[in-house]
Amino acid sequence: MNVTQDLSILHLITNASAVVQLVMALLAGVSFMSWYYIFRKWFAVRLARNKTEQFERDFWSGGDLANLYQSAVNDRHHAGAMERIFESGFREFTKLRGQKNLEAKDVVDGSRRAMRATYQREVDGLEDHLAFLASVGSVSPYVGLFGTVWGIMHAFRGLSNVGQATLASVAPGIAEALVATAIGLFAAIPAVLAYNRFAYDIDRLSTRFESFMEEFSNILQRQMR
Amino acid sequence: MSALHYLDTAPAPGKRASLVLAVAVHVALAIFLIVGVSWRSTPPTSVQVELWNATPGLVTAAPKPSAPPPPPPPPPEPKVAPKPAPEPPPPVKPVAKPDIAVKKEPEKKHEPKPEPKPEPKPEKKPEPKPEPKPEKKPEPKPEPKAEKKPEPPRPDFSSALNDELNQVNKKVSRQQSDNRLKNLAEAETATVARNIGRGDYAAKISAKVRGYVVLPPNVQGNPEAVFQVEQLITGEVISVKLQKSSGNPALDAAVERAIHNASPLPKPDSGQPDRVITIKYRPRET
């Protein structure tokens with residue numbers, strides 16, 4: 001006997017018009033993707049930071065550079081970004097040092113170029129998919145808004161067919177439409193937060209890489225004498 | 001080897017874990033929204049109102065008995081009034097009677113004849129005079145149009161049956177007053193209110209709705225129509241859903257219109273009205 005006239009989310013979604021449902025499905029997919037990348041980035045950034053700290057400890061503990069290089073080459077799959085930068089720089093250095101007609105400055109410059117190339121590749125890998133998060137954060141509220149506007153237009157158009165215009169005849173339509181904005185915001189807010197957080201983390205990491213490159217160049221230059 | 005060497009890095013960490021976590025986040029959110037947040041998910045307790053008319057004729061007679069409880073009941077008459085208004089009053093009486101008389105006589109042989117015929121008469125005489133014009137304004141526009149459909153047949157019947165019926169009516173007119181009192185009493189008792197002991201509330205609603213019902217001419221038997229009515233706190237009817245058809249679309253439509261026209265429904269003496277109520281309607285008592 002009792003019809004539950006409840007405005008549960010499920011009820012609202014199933015009753016929404018096709019365009020609004022499409023927008024909601026799109027936003028749900030986008031939200032899913034953004035959460036997927038949020039977690040992936042989270043793991044990746046955390047791993048990169050841990051590896052960097054570990055390598056810095058090893059490097060500044062005063063071990064032999066050749067030993068460090070050897071372990072980096074042997075254990076490449078578990079090497080961190082900074083370790084790979086070191087590896088490429090040191091490999092270039094050993095290659096160039098064997099050539100007699102090169103000056104010390106050229107050798108160091110060569111190894112620095114090699115390190116910079118690896119550095120850029122590493123940062124690029126870390127920043128991968130951040131643009132997606134940024135896009136989701138900035139665009140999905142608008143997509144949700146589009147769904148809402150469309151749904152409200154729909155609700156009001158339906159109102160014109162009703163003789164007695166009451167709030168009750170538009171309210172469900174508007175409630176349905178607003179679900180689209182809610183989903184859009186749900187997708188956007190975590191994406192924006194995550195983007196800012198990861199951009200900051202990666203920025204800090206790349207600063208550390210750059211300082212390491214400078215310091216390592218100095219060490220190599222000293223070894224040339 | 002050295003060219004690919006740089007790309008030969010560890011696979012991106014946690015692909016599967018992030019996939020699982022992303023799914024988990026959304027599932028958790030969905031569960032939270034669907035189960036945790038309930039906007040009015042508790043169904044309102046509903047009141048059932050049963051409408052019974054002692055006789056078909058009572059449809060129009062009903063408002064008068066019910067008038068005391070709710071102040072609004074007078075409005076029911078307007079619907080009857082507007083129809084006769086265009087025509088001169090005298091023809092109206094025969095017009096209404098033939099309708100009922102023609103149809104009821106075959107069915108109703110076991111019932112006393114006086115019942116159907118007498119009732120329409122008394123109402124129509126008094127009503128057209130006082131109420132025709134003032135009442136029309138308050139009514140929403142859609143109603144008059146809707147109401148007119150069942151009426152057109154009447155003039156045809158009337159012209160043919162005028163004379164005979166007039167004679168019959170005069171005889172019956174005295175019995176009618178007695179009958180009506182009886183019928184009203186029956187109707188009152190038949191108006192059953194269930195649930196919560198809000199009998200008075202249910203009676204008010206049934207009385208008001210009954211007053212607005214204009215029976216279509218061809219109702220046969222005594223089918224029951226069940227409606228689910230959603231109302232605002234003010235008693236304004238939001239939606240009327242046919243829950244169980246009487247089998248006669250015209251009757252369903254007539255009752256649905258009546259419920260809409262009865263908006264705002266009377267309120268209970270104490271407390272808020274229920275959002276959803278069930279109204280059962282039977283054209284006459286069995």
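So you know, we letter chains A, B, ... as the sequences are listed, proteins then strands, and number each from 1. All of these numbers come straight from a predicted model, not from anything done at the bench.
Within 6.0 Å of CZ in Arg197(A) there are 12 or fewer heavy atoms belonging to other residues, nucleotides or ligands. For Arg46(A), the CZ atom is densely surrounded, since the number of other residues' heavy atoms within 6.0 Å is greater than 12. For Tyr195(A), the OH atom counts as loosely surrounded, since its 6.0 Å shell holds 12 or fewer non-hydrogen atoms of other residues, nucleotides or ligands.
Only the side chain of Ile238(B) comes within less than 4.5 Å of a heavy atom in chain A; its backbone stays farther off. At a 4.5 Å heavy-atom cutoff, the contact between Ser31(A) and chain B is made by backbone and side-chain atoms alike. Both the backbone and the side chain of Val23(B) come within contact range of chain A, each with at least one heavy atom under 4.5 Å from a heavy atom of that chain. Neither the backbone nor the side chain of Leu232(B) comes within contact range of chain A; no heavy atoms are under 4.5 Å apart. For Ala17(B), the parts lying under 4.5 angstrom from a heavy atom of chain A are both the backbone and the side chain. In this structure, chain B has no heavy atom under 4.5 Å from any part of Tyr37(A).
Taking each heavy atom of Trp35(A) and His26(B) in turn, the nearest pair found is CD1-CE1, 3.3 Å. The shortest heavy-atom contact between Tyr36(A) and Ser18(B) is O-CB, 3.6 Å.
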List the steps, then state whether side chain to side chain contact (heavy atoms under 4.5 Å, CB included) holds for Leu33(B) with Phe186(A). CA-CA 12 Å; Leu33(B) 285 181; Phe186(A) 172 73; over 6 Å; no
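By the salt bridge (charged side-chain N to carboxylate O under 4.0 Å, His left out) test, Glu236(B) pairs with no residue at all, sequence neighbours left out. The salt bridge (charged side-chain N to carboxylate O under 4.0 Å, His left out) check on Asp128(A) picks up nothing, with sequence neighbours excluded.
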